[in-house]
Amino acid sequence: MRILVVEDEPKTAAYIAKGLTEQSFAVDVAHDGVDGLHLATSEAYDLIVLDVMLPRADGWSVLQAIRRTRQVPVIFLTARDEVADRVKGLEMGADDYLVKPFAFSELLARIRSLLRRGQAQPQAETTLQIADLEVDLLRRRVRRGASRIELTAKEFALLEYLLRHAGEVMSRTLIAEHVWDMNFDSDTNVVDVAVRRLRAKIDDPYPAKLVHTMRGVGYVLELRDE
Ligand code: CA
């Protein structure tokens with residue numbers, strides 16, 4: 001885990017950096033807003049600790065510039081506990097807020113909590129799409145263009161699997177294992193039958209075919225020219 005600390009007061013910066021290094025974080029320190037922004041947008045950090053009052057560019061403008069391109073969690077440090085400052089920081093996209101002076105253990109707790117939050121909520125995909133085929137994973141609905149397509153549970157699982165691996169050739173064995181939970185020596189003819197049924201619904205009525213047979217290997221879902 002790599003953390004950027006943007007703090008102009010040398011003592012505070014050293015104190016935070018030492019504490020985080022002892023906790024096995026990799027730490028970079030910037031001492032003004034311009035250097036901080038440069039590092040924040042040119043390197044990959046898991047979290048940024050950002051002081052509000054900084055020389056050359058203040059924390060507000062640094063955060064604003066970071067948010068144009070990065071979604072990294074940011075904790076603001078501020079000298080005053082002003083409600084207006086807190087609201088401004090959160091509105092501008094800060095994830096948390098700490099008032100100086102603070103105990104290192106408090107900062108560490110906030111950092112850990114934000115890093116956990118980031119891991120617990122990966123950007124869950126709720127729809128998958130290729131060409132005009134759209135699959136809503138939550139509502140379990142399939143559309144191609146304007147028309148709704150009804151699939152059985154297995155057909156849906158098969159389509160989802162092929163879509164998640166769009167452009168990759170998936171062997172019958174892999175498909176059988178993942179969609180039917182069968183082991184490799186099972187009769188993979190089941191796969192061919194299911195693919196034929198799926199095609200009848202999502203491909204046959206439409207000019208652009210998406211499911212393609214790789215003879216002797218398996219199937220690939222992709223949009224091809226012509
Ligand atoms: Ca400062």
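Order of listing sets the numbers, starting from 1, for every ligand and every atom in it. All heavy atoms count here, side chains included; hydrogens, waters and symmetry mates do not. In what follows, residues are counted from 1 in the order of the sequence shown. Not measured: the values here are computed from a predicted model.
When the ring pair (Phe, Tyr, Trp, His ring centres under 6.0 Å) test is applied to Y219, no partner is found at least two apart in sequence or on another chain. Applying the ring pair (Phe, Tyr, Trp, His ring centres under 6.0 Å) rule to H165 yields the partners Y161; only residues at least two apart in sequence or on another chain are considered.
Alongside M214, the hydrophobic cluster contains V169, V217, V220 (criterion: ILVMFWY side chains under 4.5 Å).
Closest approach of R70 to E43, counting heavy atoms only: NH1-O, 2.9 Å.
Contact annotation: the side chain of V62 never approaches that of I48 to less than 4.5 Å [non-hydrogen atoms, C-beta and beyond].
Using a distance-only test at 3.5 Å, with no hydrogens or angles considered, a donor-acceptor pair links the side chain of D203 to the main chain of L210.
Listed by chain and residue number, the protein N/O/S atoms under 3.0 Å of the Ca ion (ligand 1) are D8 OD1, D51 OD2, M53 O, with waters left out.
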